[in-house]
Number of protein chains: 2
Amino acid sequence: MARNKAFDPEEKLEKARDLFWEKGYNATSMQDLCEEMKLNRASIYDTYGDKYALFQQCLQNYAKEKLFDYKQCCEKVSPLSAIDSIIRRAVHNRKEGKSCLMVKTSFELASMDEGIRHIVQEQARQSISVLQELLEKAQKMNEIPAEKDPATLAQFLYASFSSIWLMDVLFGDKAMLDSMADHILYSIRH
Amino acid sequence: MARNKAFDPEEKLEKARDLFWEKGYNATSMQDLCEEMKLNRASIYDTYGDKYALFQQCLQNYAKEKLFDYKQCCEKVSPLSAIDSIIRRAVHNRKEGKSCLMVKTSFELASMDEGIRHIVQEQARQSISVLQELLEKAQKMNEIPAEKDPATLAQFLYASFSSIWLMDVLFGDKAMLDSMADHILYSIRH
DNA sequence: AATATTTTGGAACATTCATTCTATTATTCT
DNA sequence: AGAATAATAGAATGAATGTTCCAAAATATT
């Protein structure tokens, strides 16, 4: 009896995510979103709720995708080379000044908005936990020194994404990012 | 013949800066600013120009103060301990989840707004240059290994502030920040 | 064909926003 | 005292905002 949804909510969500990603939450208007998603206002409110709810879903979508990325890198034989490729891939896949939605959101909203902070925190915890597992394995295989603390290193590595994205936004110089990545990776091995 | 200004523009500018610092540019309204600065709208527009111009002046003010902070640390005898205190001081003086105005602004505005990016870039260049000088001195005094590249280390150190503030916003755990600072400083010496 | 539901376009609403303006009061200098 | 400027209060403006609503068009199922 009923008409089917003509659009794929997941696909449209990614459009919204990309726009938030580029402009930030506050600087993105519903008007912008309608145009970018090529959806009517009513359809958006119907499917996702209000702007805030839509943004939360974008964050979750992003978090899921990022974590999937990480786990893919874990399939390498050596845990150290898994860590290496997680960092290198971030630099390699960067899109001109778009940095990372999680990092951007952390600085724009997380300090003021508890709901957003919770989502970003959770993603951070999961990422750090993946990194820590890799570091512990690497330590057992003598790929990194025994005296290092895997928890601290994992926190440092996760936080280093913020470093990389900052420099990308400011200078957009790939060679600079590469040498920073070199140093970051060197620092966990020595 | 004329009445004198009853308020200190510099002092009021700092009030504005602190509010922008806390809430970010887009989330701060002129109404908020009037209340925080305890000034009339007209007085603000008269003294600083519009919201955007006011924000730029806040950024400049912040940049000047930060750079002064850095230079103060340089008076230490050992360049390495100067670097140490620059990092430690940042962690020690942090204000509950307020992170750093420069880093926040970089992620909120710098990728979209060329004028803002220019200001933040300039401050970054100056900070990196101070750090690089210290690193070169440290290298000559054998405080850090000869094979390290001071330019890369300086970029890494500057970017590391972003790491520290990210983790501060997300977890607000001083011990975590301290151990991260330990690792960052260790990494430039080994 | 008839019915049910989605999508769409766009009007409508209330709110907030940055900005400008006017009128009034206060203060300084001659 | 009087002229000149500064500060204030608050109204006014116009644009943009998020959100709701309605009516028409489209499409699926019975």
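Naming convention: chains lettered A, B, ... in sequence-line order (proteins, then strands); numbering from 1 in each chain.
One atom, OH of Tyr48(B), and another, C1' of dA7(D), lie 13 Å apart when rounded to the nearest Å. Atom pair Asn26(A):CG and dC17(C):C1' shows a separation of 13 Å (rounding to whole Å applied). In this structure, Leu54(B) places its CG atom 11 Å from P of dA18(C), rounding to the nearest Å. Note: OH (Tyr25(A)) to C1' (dT17(D)) measures 12 Å, nearest angstrom. Rounding to whole angstrom units, CG of residue Asp32(B) and C1' of dT16(C) are separated by 11 Å. Put simply, CZ on Phe20(A) is 12 Å from C1' on dG18(D), counting in whole angstrom units. The separation between Glu35(A) atom CD and dT8(C) atom P is 15 Å, rounded to whole Å. As rounded to whole Å, 19 Å separates atom P of dG14(D) from atom CG of Asp50(B).
Between dT8(D), dA7(D), dG18(D), one nucleotide has an atom nearer to the side chain of Leu39(B) than all others, and that is dT8(D). Nearest to the side-chain atoms of Arg41(A) among the listed nucleotides dA11(D), dT8(C), dT19(D) stands dT19(D). Closest approach to the Ser29(B) side chain among dC17(C), dA7(D), dG18(D) is made by dC17(C) (side chain taken as heavy atoms from C-beta onward). Out of dA18(C), dT8(C), dT19(D), the shortest distance to the side chain of Met30(A) is found at dT19(D).
In this structure, the separation between CD1 on Ile184(B) and OG on Ser163(A) is 7.0 Å, given to the nearest 0.5 Å.
A donor-acceptor contact under 3.5 angstrom links the side-chain atoms of Asn40(A) to the base of dG9(C).
Relative ring orientation between Phe161(B) and Tyr158(B) is described as perpendicular, the plane-to-plane angle rising above 60° on a 0-90° scale split at 30° and 60°.
Both tests do not hold together for Lys15(A) against Phe7(A): distance to the six-membered ring centre under 6.0 Å, angle to the ring axis within 45°. Both cation-pi conditions hold for Lys51(B) and Tyr25(B): the charged atom is under 6.0 angstrom from the six-membered ring centre and inside a 45 degree cone around its axis.
The residue among Thr28(A) and Ala42(A) whose nearest nucleotide of DNA chain D lies closer to the 5′ end is Thr28(A).
Scanning all heavy atoms of the two residues, the minimum distance from Ser78(A) to Glu143(A) falls at OG-OE2, 2.7 Å.
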